Amino acid sequence: QVHLVESGGGLVQAGGSLRLSCAASESTFGNYVMGWIRQAPGKQREFVASISRSGALRYFAASVKGRFTISRDNTKNTVWLQMNSLKPEDTAVYYCAAALSLTQSTDGFAYWGRGTQVTVSS
């Protein structure tokens, strides 16, 4: 029902910044909690951040808190992930996802994008 397309990934040096974008196809975008999940080579997928329907509540993994910010604009059907002070261990495929309730886990997301690669060099 919800189609998600990520963009903005790329190669950046440690300490640099990137902003990921996620565009949703549905006008019901505002009904969904949105989140970002990542998967590094050889590792399981990891929750990164989530944001409530109105944007009033935001959650972050301990590993990124203070460095990453999640935001959304329901009039544009778009959610962003601003990544600052990037580290080599942030290297992963980053996925945009949608859920029906606020969650801090990978389990609660029903709809997923195809991902965008983020590579941080040392």
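None of these values were measured; they are calculated from a predicted model.
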Backbone N/O of [Y] and side chain of [X]: donor-acceptor pair under 3.5 Å:
X	Y	result
Arg72	Ser52	yes
Glu46	Gln39	no
Glu6	Thr116	no

- Item | Ring-face cation contact, Phe47 with Arg38, 6.0 Å cut, 45° max | no
Any side-chain heavy-atom pair of [X] and [Y] under 4.5 Å:
X	Y	answer
Val2	Phe29	no
Gln82	Ile70	no
Ile51	Val33	no
Gln13	Ser122	no
Trp112	Leu4	no
Cys22	Trp80	no
Leu18	Leu86	yes
Gln44	Thr106	no

Considering non-hydrogen atoms only, spot the tightest contact between [X] and [Y] and give its length.
X	Y	answer
Val79	Cys96	CG1-SG, 3.8 Å
Arg53	Asn74	O-ND2, 3.0 Å
Ser17	Ser85	OG-N, 4.3 Å
Thr91	Pro41	O-CD, 4.3 Å

- For Tyr111 and Tyr32, run side chain to side chain contact (heavy atoms under 4.5 Å, CB included): C-alpha distance rounded to whole Å, both residues' side-chain angles, the deciding distance at 0.1 Å, then the answer. CA-CA 10 Å; Tyr111 305 98; Tyr32 296 93; 3.9 Å; yes
- Task: Establish, from distance only, whether the side-chain atoms of Thr78 and Asp73 form a donor-acceptor pair under 3.5 Å.
- Result: no
- Note on the structure: Distance col, row Ser7:OG vs Tyr94:OH, nearest 0.5 angstrom, shows 15.0 Å
- Task: Carefully, step by step, assess Leu57 and Leu102 under the rule side chain to side chain contact (heavy atoms under 4.5 Å, CB included).
- Result: CA-CA 9 Å; Leu57 298 175; Leu102 197 60; 4.0 Å; yes
- Query: Has Arg114 got more than 12 heavy atoms of other residues, nucleotides or ligands less than 6.0 Å from its CZ?
  - Reply: no
